[in-house]
Amino acid sequence: MQSLGENWRKGQKLLAEAGIESARLDARLLLEYVAGCNYTDLLRSPENPLVLPAQQVFDQLLARRATGEPLAYLTGEAEFRGRVFQVSPAVLIPRPETEVLVELALEKLRGLTAPTVVDLGTGSGIVAISLALECPLARVVAVDLSNDAISVARNNAGRLRAPVDFRQGDWFFPLAGERFDVIVSNPPYVADGDPHLALNGLPFEPQMALTDRADGLACIRRIVADAPAYLNAGGWLLFEHGYDQGEASRNLLTAAGFKAASTFPDLAGIDRVSGAHL
Ligand code: GLN
């Protein structure tokens, strides 16, 4: 039987040879996951054995990670804003840059007494759930086209005790006749054929959440054009986009009748979210 320490070294070597940059960290996180232990346990008792069923699972997960499958899909969870969300290949893995979208939406919601907000293309639900938990006075609705995504998001909302009203459908379709104070979205915005889609584990993620299979702005165009009919007077539309889509996004917002279109950078200083109000 191999010890935890031996398995860590073995895993690191296997992943490094497969070209995984975070080999040491990923081997450790997979080992903690299968052994049901934490980093302290690992450092304190590396001589502890990894029991047989866990050993088999560890070897299988290492082999999958070596092919580039993202760690979050192997452990079934990922962190966003300090909370753990369950993820499956039906949903995008949370990205830290999406925090900018949440921060901006919170800023708009906090100025209102009983605000309403809808998250279009909620995926795992990270945006809607973060808003519901951090702005308890807001009524939060979340929409996704994918039934599988909705079940992942519902499960996350239940586990985190976030009151979110989920609807299945195409963008605004399930919201007929309703109006909101804030509309947020992290839509698919990677252009068809963008070489980025073949890198960093993206081939394992749902393509419908990443690319519009067009120029990258197709979903943004639709959301911007339809949003005014679903916003209250003075309401805000905020959405995430690619590093080079800020100007096009502001132009679309202005052309749709929005005021004060602006673009905000993420923590890396890259244009990431645009928004405007009616
Ligand atoms: N930011 C993601 C990426 O480039 C894309 C997310 C999205 O399309 N909404 O990997």
Side-chain angles (χ1 to χ4, degrees), residues 20-22 26 65 67-74 78-81 85 87-105 117-131 142-146 148-150 152-153 156 170-172 182-224 226-227 237-250 252-253 263-275:
I20 306 289
E21 277 176 34
S22 48
D26 289 8
R65 184 71 192 99
T67 71
E69 189 167 350
L71 191 85
Y73 290 152
L74 301 178
E79 238 182 78
F80 182 73
R81 282 178 85 75
F85 288 83
V87 294
S88 82
V91 299
L92 215 61
I93 296 165
R95 315 284 207 262
E97 58 265 29
T98 302
E99 290 216 22
V100 179
L101 181 63
V102 173
E103 294 285 351
L104 288 164
V117 54
V118 61
D119 174 21
L120 298 176
T122 196
S124 60
I126 55 165
V127 174
I129 291 168
S130 301
L131 294 177
V143 175
D144 207 287
L145 183 60
S146 156
D148 291 341
I150 295 271
V152 171
N156 279 322
D170 193 19
W171 300 124
F172 291 100
V182 178
I183 296 172
V184 291
S185 183
N186 176 13
Y189 55 71
V190 181
D192 192 30
D194 187 323
H196 184 69
L197 289 169
L199 305 171
N200 303 322
L202 266 65
F204 292 88
E205 296 193 272
Q207 298 303 294
M208 69 178 282
L210 286 167
T211 174
D212 58 0
R213 302 214 171 278
D215 64 350
L217 288 165
C219 297
I220 290 176
R221 265 186 217 103
R222 238 186 102 184
I223 291 169
V224 171
D226 291 351
L237 169 62
L238 295 159
F239 56 90
E240 184 174 318
H241 55 68
Y243 70 97
D244 57 353
Q245 294 170 334
E247 189 182 351
S249 296
R250 292 192 303 276
L252 288 168
L253 285 161
T263 299
F264 306 87
D266 61 21
L267 298 168
I270 296 165
D271 278 358
R272 185 56 65 193
V273 173
S274 284

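Side-chain atoms are counted along with the backbone in the values below, which use heavy atoms only and exclude waters and symmetry mates. Model, not experiment: these values are computed from the prediction. All residue numbers refer to positions in the sequence shown, counting from 1. Note that ligands are numbered from 1 as they come in the structure, with each ligand's atoms numbered from 1 the same way.
- A distance of 10.5 Å separates CZ in F80 from CD1 in I129, rounded to the nearest 0.5 Å.
- Among residues two or more places apart in sequence or in another chain, the side chain to side chain donor-acceptor pair (under 3.5 Å) test is passed with S22 by D26.
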Identify all pairs of nitrogen or oxygen atoms, one from ligand 1 and one from the protein, separated by less than 3.5 Å, and list them with distances.
unit_1   : atom_1 : unit_2 : atom_2 : d
ligand 1 : 1 (N)  : Y189   : OH     : 2.8
ligand 1 : 4 (O)  : H196   : NE2    : 3.1
ligand 1 : 8 (O)  : Y189   : N      : 3.4
ligand 1 : 8 (O)  : L210   : O      : 3.2
ligand 1 : 9 (N)  : N186   : OD1    : 2.7
ligand 1 : 9 (N)  : P187   : O      : 2.8
ligand 1 : 10 (O) : R95    : NE     : 3.4
ligand 1 : 10 (O) : R95    : NH2    : 2.9
ligand 1 : 10 (O) : H196   : NE2    : 3.4

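- Put simply, the side chain of T211 never gets that close to the backbone of Q207: no donor and acceptor are under 3.5 Å apart.
- Every residue two or more places apart in sequence or in another chain was checked for a ring-ring contact (aromatic ring centres under 6.0 Å, His included) with Y73, and none qualifies.
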Using distance only, find each side-chain donor-acceptor pair of residues 193-201 under 3.5 Å and give its atom names and separation, not counting sequence neighbours.
unit_1 : atom_1 : unit_2 : atom_2 : d
D194   : OD1    : H196   : N      : 2.8

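- The CG atom of D271 sits 9.0 Å away from the CG atom of D244 when rounded to the nearest 0.5 Å.
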